[in-house]
Amino acid sequence: MADLYNGCLYEGEEVILPGQLSEVQKNYSRTLMNYGRNGLRKHRERDAIKMFSNRKMMVLLAAEAQNNLHLAMPFRCMEYDTEEYSRQLKKLYEENSGMLTDSTEYLSRLKRTDRLIPVVTLVIYHGDEEWNAPKRLSDMLKLQGIDEKLKSLITDYPIHVFCLKDLQEEYFHTNLRELIGLMKRQKNKEELRKYCKDNEERISRMDASAYDMICIMLNREDLLEKKTKYLKEESEEYDMCKAMEDWAEECRNEGRASLLELISRMAAGGDAEFIVRLSEKEVMEAMTKKYEMEEILK
């Protein structure tokens, strides 16, 4: 988390140190977006949030990873932030019981010296499309016809979107560097091969959090389930290179199985002449296009 913020905001300068971060509550129970289409309540929580504190400041640092465009992202971030402030207010109400001194404090249930800890939320977008969704609450509002005087009084809420493919890898010092490098090159086979080869030592020594994040961003929950298989017990690090090699081999095997099934169906349909003319390589290329990992290692 410290590396993420330092890389996004401070060009890699270590302004935020890991030892200055601590755990805080991530889930909120009252958000409007907790409800699914069937009206039933769903469990929702922030992707990540930490308390950053040093001798000068206290700030809550949050991050939301987004794989797809979200047309309500400003509202979603605003709601998360508001719920965090609501949680802090509730805690202050409890702490202030019997400690208030005048009618204004009693009405507010706060002491005049009480202050909330600010929240900063980054949206890390790692989808394929350009981010052309709303970046501020005003992008979601019907503002046509409203005069400038009234419009200036409408409270806005900007969000801070960082597109993964635009981030500079050299600004990151943890395995986030490899995560960003792999994600940026996943669509270009040759660039990805070169990147894996040039960074084999670091990619084969992933810490647990980086391994988890890469699996999530690549939508490979099966690699998460096999996590212990790639654990190097002597160093407690994970061999992501080996994981990707196994994944590529599985994709190739699935492609071969699909090829045999296709040929079987074509033969049953009387397409034997076409099967003879069609080379295995051509069929394999057609059948494996849907597997992203086939673009990583062969």
Side-chain angles (χ1 to χ4, degrees), residues 1-2 4-5 8-10 15-36 39-66 70-124 133-143 146-162:
M1 192 67 165
L4 175 66
Y5 265 79
C8 289
L9 302 184
Y10 301 109
V15 175
I16 300 169
L17 303 179
Q20 297 171 330
L21 299 178
S22 57
E23 298 290 336
V24 295
Q25 177 179 317
K26 293 201 299 182
N27 61 300
Y28 307 108
S29 60
R30 296 192 300 163
T31 60
L32 293 174
M33 298 185 77
N34 272 10
Y35 293 89
L40 298 177
R41 201 176 191 86
K42 299 188 298 181
H43 176 70
R44 289 283 302 277
E45 65 178 36
R46 282 187 181 271
D47 290 338
I49 184 170
K50 301 281 187 182
M51 173 70 78
F52 168 51
S53 59
N54 58 24
R55 295 179 180 179
K56 297 180 179 180
M57 70 180 90
M58 291 182 67
V59 184
L60 285 161
L61 306 179
E64 296 296 319
Q66 195 64 31
H70 198 310
L71 300 179
M73 202 67 198
F75 177 81
R76 180 179 169 187
C77 291
M78 180 179 70
E79 191 175 32
Y80 273 142
D81 294 349
T82 301
E83 281 301 314
E84 172 56 38
Y85 293 132
S86 296
R87 185 188 68 80
Q88 293 183 40
L89 279 172
K90 182 179 179 181
K91 183 178 179 182
L92 288 173
Y93 294 160
E94 295 171 353
E95 293 175 350
N96 288 340
S97 179
M99 305 287 289
L100 306 176
T101 60
D102 58 43
S103 59
T104 299
E105 290 190 349
Y106 276 110
L107 176 64
S108 309
R109 299 168 67 186
L110 295 171
K111 291 185 276 188
R112 295 177 186 274
T113 56
D114 285 336
R115 295 292 183 273
L116 302 179
I117 300 171
V119 186
V120 177
T121 299
L122 304 185
V123 177
I124 309 300
K135 285 189 174 183
R136 53 198 319 116
L137 185 63
S138 59
D139 293 339
M140 299 174 60
L141 304 180
K142 293 182 178 180
L143 299 176
I146 300 178
D147 65 72
E148 293 302 318
K149 181 65 72 173
L150 281 177
K151 191 181 294 185
S152 67
L153 299 178
I154 297 174
T155 302
D156 207 352
Y157 204 91
I159 60 174
H160 315 291
V161 180
F162 290 83

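The model shown is predicted, which means the values in this text are computed figures rather than measured ones.
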Could you walk me through whether Tyr93 and Leu110 pass the side chain to side chain contact (heavy atoms under 4.5 Å, CB included) test, one step at a time? CA-CA 7 Å; Tyr93 294 160; Leu110 295 171; 3.9 Å; yes
Tell me whether Tyr85 contacts the main-chain N or O of Val119 through its side chain, where contact means a donor paired with an acceptor under 3.5 Å. yes
How close do Pro18 and Ala2 get, counting heavy atoms only, and between which atoms? N-CB, 3.9 Å
What heavy-atom pair brings Ala133 and His70 nearest, and what distance separates the two atoms? CB-O, 3.6 Å
Side-chain atoms of residues 111-118: list all donor-acceptor pairs with protein atoms under 3.5 Å, sequence neighbours left out, distances to 0.1 Å.
| from | atom 1 | to | atom 2 | distance (Å) |
| --- | --- | --- | --- | --- |
| Arg112 | NE | Asp102 | OD2 | 3.4 |
| Arg112 | NH2 | Asp102 | OD2 | 3.3 |
| Asp114 | OD2 | Asn96 | ND2 | 2.8 |
| Asp114 | OD2 | Lys111 | N | 2.7 |
| Arg115 | NH1 | Arg112 | O | 3.0 |

Any donor-acceptor N/O pair, Ser97 side chain to Glu94 backbone, under 3.5 Å: no
Between CG on residue Leu4 and CZ on residue Phe162, distance to nearest 0.5 Å: 8.5 Å
So, for Ile159 and Pro134, which heavy atoms are closest and what is the spacing to 0.1 Å? CD1-O, 3.8 Å
Check whether any side-chain heavy atom of Ile154 sits under 4.5 Å from a side-chain heavy atom of Ile146, and report yes or no. yes
If I compare all heavy atoms of Lys135 with all of Pro74, which pair ends up nearest, and what's the gap? C-CG, 4.0 Å
Quick one: do Lys50 and Ile16 satisfy side chain to side chain contact (heavy atoms under 4.5 Å, CB included)? Show the steps, please. CA-CA 11 Å; Lys50 301 281 187 182; Ile16 300 169; over 6 Å; no
Val123 versus Cys77, closest heavy-atom pair with distance: CG2-SG, 3.7 Å
d(Tyr157 OH, Ser138 OG) to nearest 0.5 Å is 13.5 Å
Tell me the closest heavy-atom pair linking His160 and Thr121, and the distance in Å. CD2-O, 3.5 Å
Side chain of Glu64, backbone of Asp47: donor and acceptor closer than 3.5 Å? yes
Does Arg87 come within less than 4.0 Å of Glu84, counting only side-chain N to carboxylate O? yes
Decide yes or no for Val120 and Tyr5: does some side-chain heavy atom of the first lie under 4.5 Å from some side-chain heavy atom of the second? yes
Can you tell me how far CZ of Arg55 sits from CD of Gln20, rounded to the nearest 0.5 angstrom? 10.0 Å
Less than 4.5 Å apart, side chain to side chain, heavy atoms only: is that true for Leu9 and Val15? no
Exactly one of Val24, Asn27, Asp81 clears side chain to side chain contact (heavy atoms under 4.5 Å, CB included) with Arg46, and that residue is Asp81
Salt bridge or not for Lys151 and Glu148, using N-O below 4.0 Å? yes
Please report the interatomic distance CZ(Arg136) to CG(Leu141), rounded to the nearest 0.5 Å. 11.0 Å
About how many Å separate CZ of Arg76 and CD of Gln66, when rounded to the nearest 0.5 Å? 5.0 Å
